[in-house]
Amino acid sequence: MEKNWVKIFTSSNFYQSEIVKQVLTGYQIDAVLLNRQASSHQAFGDIEVYVHQENFSHAIEIMILNQISL
C-alpha cells in the first residue's frame with residue numbers, strides 16, 4: 001500500500017466494511033479495503049478500511065454524521 005494511507009475502520013464483516021467504503025466514496029473520499037481474513041477460513045481476521053491521511057478528519061466527521069461506529 002502507498003504511503004499516507006491511514007486505517008479508519010476495522011470489522012470482521014465484509015459487508016459492513018464495504019458500506020463504510022461506499023459512504024466515504026459517496027462524499028468523494030477515496031477509500032480502499034484491505035482484506036486480512038484467512039483465505040481458507042473467513043472467521044479469522046478483519047477487513048480494514050483506509051483513507052488518505054489528508055482526508056482522515058473529514059472521513060471521521062462523515063462517519064459520525066452517518067452514525068457509523070468507530
Side-chain angles (χ1 to χ4, degrees):
M1 182 172 281
E2 296 177 21
K3 294 181 181 179
N4 301 325
W5 288 86
V6 290
K7 181 171 43 174
I8 194 165
F9 185 80
T10 303
S11 176
S12 59
N13 184 323
F14 177 82
Y15 297 108
Q16 188 177 22
S17 298
E18 181 65 31
I19 289 169
V20 171
K21 178 188 169 205
Q22 292 301 319
V23 167
L24 294 172
T25 302
Y27 284 90
Q28 286 73 44
I29 293 179
D30 290 331
V32 295
L33 296 180
L34 181 59
N35 188 343
R36 294 191 178 267
Q37 289 184 331
S39 60
S40 60
H41 199 305
Q42 294 184 346
F44 300 109
D46 290 320
I47 316 311
E48 300 170 344
V49 181
Y50 286 82
V51 296
H52 280 283
Q53 189 172 6
E54 66 259 11
N55 294 328
F56 182 78
S57 296
H58 188 221
I60 291 293
E61 289 177 23
I62 291 166
M63 291 176 67
I64 290 170
L65 289 173
N66 287 283
Q67 299 177 351
I68 297 171
S69 313
L70 303 172

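Sequence positions, counted from 1, serve as the residue numbers for this chain. Every heavy atom of this structure was used, including side-chain atoms; hydrogens, water molecules and symmetry mates were not.
Annotation: salt bridge (charged side-chain N to carboxylate O under 4.0 Å, His left out) contacts involving residues 46-58, sequence neighbours excluded, comprise K7-E48, R36-E48.
For S11, the side chain to side chain contact (heavy atoms under 4.5 Å, CB included) test picks out F9, N13, Q16, S17, with sequence neighbours left out. Residues passing the side chain to side chain donor-acceptor pair (under 3.5 Å) test with E61, sequence neighbours excluded: none. Checked against side chain to side chain donor-acceptor pair (under 3.5 Å), E18 has the following partners two or more places apart in sequence or in another chain: Q22.
Residues Q53 and V6 share a closest heavy-atom pair of CA-CG2, 4.2 Å.
Note on I68: it clusters hydrophobically with Y15, by side-chain heavy-atom contacts below 4.5 Å among ILVMFWY residues.
Separation of atoms CZ (F56) and CD1 (I60) is listed at 4.0 Å; rounding is to 0.5 Å.
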Please table the atom pairs, donor to acceptor, closer than 3.5 Å between any side-chain atom in residues 23-34 and protein atoms at least two apart or in another chain.
from	atom 1	to	atom 2	distance (Å)
T25	OG1	K21	O	2.8

